[in-house]
Amino acid sequence: LPAVVFGALTTLLVGVGGRNLFDWRTGLLAALIHAFDPLNVFWAHHCFHPSQDGFFAILTIWLFYLAIRQPGKLAQKYFYAACFCFCLSYLSWEGSGYLLPVFAVTLLLMHPGRWSWLRERPLWPPLILIGSIILIQLSLRSTVVPLFLFLGFGMAPLSPSLYFLNPESWPLYYVDTVLLTQPHLPLTILCAAGALFVWRNSALRYCFLVFLGLLLCFSLLLPVYSIRYFYFYQTLLILTACAVFFIVWDRIRELTSEWRTARLLAWGSGIAALLLLLATATQTGLKVFRLSQQTAQGRARIDPNERFDVA
C-alpha cells in the first residue's frame, strides 16, 4: 500500500510541478507519461524504497529550484522545505545523498559569479543539520545495525570513487539499459535536443543540469549499477522532454503563423508527434521492442515489464 500511495502522489506531484515550472500542458503530459511508464508502474506495485524515495526526491528538487530561482537571493521558506524533504529522501535511501553535490554544481552553473547567497545566515543551520543526519545515519549503519542485515550486497560498495577508471566499469549502463529502451527512447531524444534550449529557459536549464549531474554521478562514481538507482530522478527526464516538446511546438507555430496551410500542417504534425510520444513512452502504447533482433539471451530491447527486476 505505501508504494501505491507514493507512486500515485509522485504522479500528482509531477503534474503540479510541471505546471509550476513550465505550463499546464507540460504538467499534464508529464503526469500522463509518468502514470503509464512501466518503470513507475513496476515500483508502485512493490513494497520497496524507490517509490517513497522518488516522491521525496522530486519534491526536494522542485523546492530547491524555487529557493534559488532569483539570482543571488535565497528564498528561505522554500530552502528550509527543500532541506526537510532532502532529509526524508536520504533516510528513505542513502543514494539520494548525491543530490547535494549536484545541487551545488547546478547552483554555480545557474547563477555563475553570484556568491552573495553564501553570506546569508539562514543557509548554514539547515546544511549543518543535514550533515549531522548523514553522519549519524552512516555511523549507526556501520556500528549498530546487526551484521546479518548486511548479507549479500549492501550500500558499502556505493561509496563514491573514480570507478570509471576501472576496466570493469560500464559508464553507459543506464544509457543502454534505460535511456535507449522503448519507453524512454523518445524522451531521451527530446531531452538531448533540449541542450539547444536550456540557456533560454531557467527551469528547463535547472531540470537538465540536475538530471545530467545525477546520471553522471551514478554512471561514473559508483561500482554497482542497478535500474532502480535511476528511478528517483527519472521524473526529470520526463519533465525535461515534455517541456522541450512544447517549446519546439510553440516555436514552429510562431514561424508558421502567417501562412494558413503551414499553420495547419504544424498543428497536424504536432498532434501526431504528441500521440506518437504517448504511444511509445507508455506501457499501453506501441510495443516497439518486438521489432528488435532475437538473440540467445532474448530480444535486444525486451519487454520493459520483464526487465525492471529488484536485483
* Are D250 and R25 ion-paired here, with the side-chain N under 4.0 Å from a carboxylate O? ->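 Here D250 pairs with R25 in a salt bridge, since their nearest N and O are under 4.0 Å apart.
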For the student: nearest non-hydrogen atoms of [X] and [Y], plus distance:
{"X": "T60", "Y": "A82", "answer": "CG2-O, 3.5 Å"}
{"X": "G54", "Y": "T10", "answer": "C-OG1, 4.4 Å"}
{"X": "I130", "Y": "C87", "answer": "CG1-SG, 3.8 Å"}

Whether [X] and [Y] hold their rings parallel, tilted or perpendicular, with breakpoints at 30° and 60°:
{"X": "Y173", "Y": "W170", "answer": "perpendicular"}
{"X": "W249", "Y": "F246", "answer": "parallel"}
{"X": "F230", "Y": "F211", "answer": "perpendicular"}

*Is the closest side-chain donor-acceptor distance between S51 and Y231 under 3.5 Å?*
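On atom types as modelled, these side chains do not qualify, holding no pair under 3.5 Å.
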Donor on one side chain, acceptor on other, Q234 and H184, under 3.5 Å: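 The answer is yes; a qualifying pair exists.
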Checklist line | Close aromatic pair by centroid cut-off 6.0 Å: Y98 and F232 | finding: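 Aromatic pair excluded; centres sit 6.0 Å or further apart.
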Is the shortest heavy-atom distance from the side chain of [X] to the side chain of [Y] under 4.5 Å?
{"X": "L21", "Y": "C207", "value": "yes"}
{"X": "L236", "Y": "I61", "value": "yes"}
{"X": "L66", "Y": "R69", "value": "yes"}

F79 pairs by side-chain contact (heavy atoms from CB on, under 4.5 Å) with which of I68, L74, L63?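 Only one of I68, L74, L63 forms a side-chain contact (heavy atoms from CB on, under 4.5 Å) with F79, namely L74.
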Next on the checklist: Applying the ring pair (Phe, Tyr, Trp, His ring centres under 6.0 Å) criterion to Y233, which one of F218, F56, W93, Y174 satisfies it?
Outcome noted: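 Exactly one pass, corresponding to F218.
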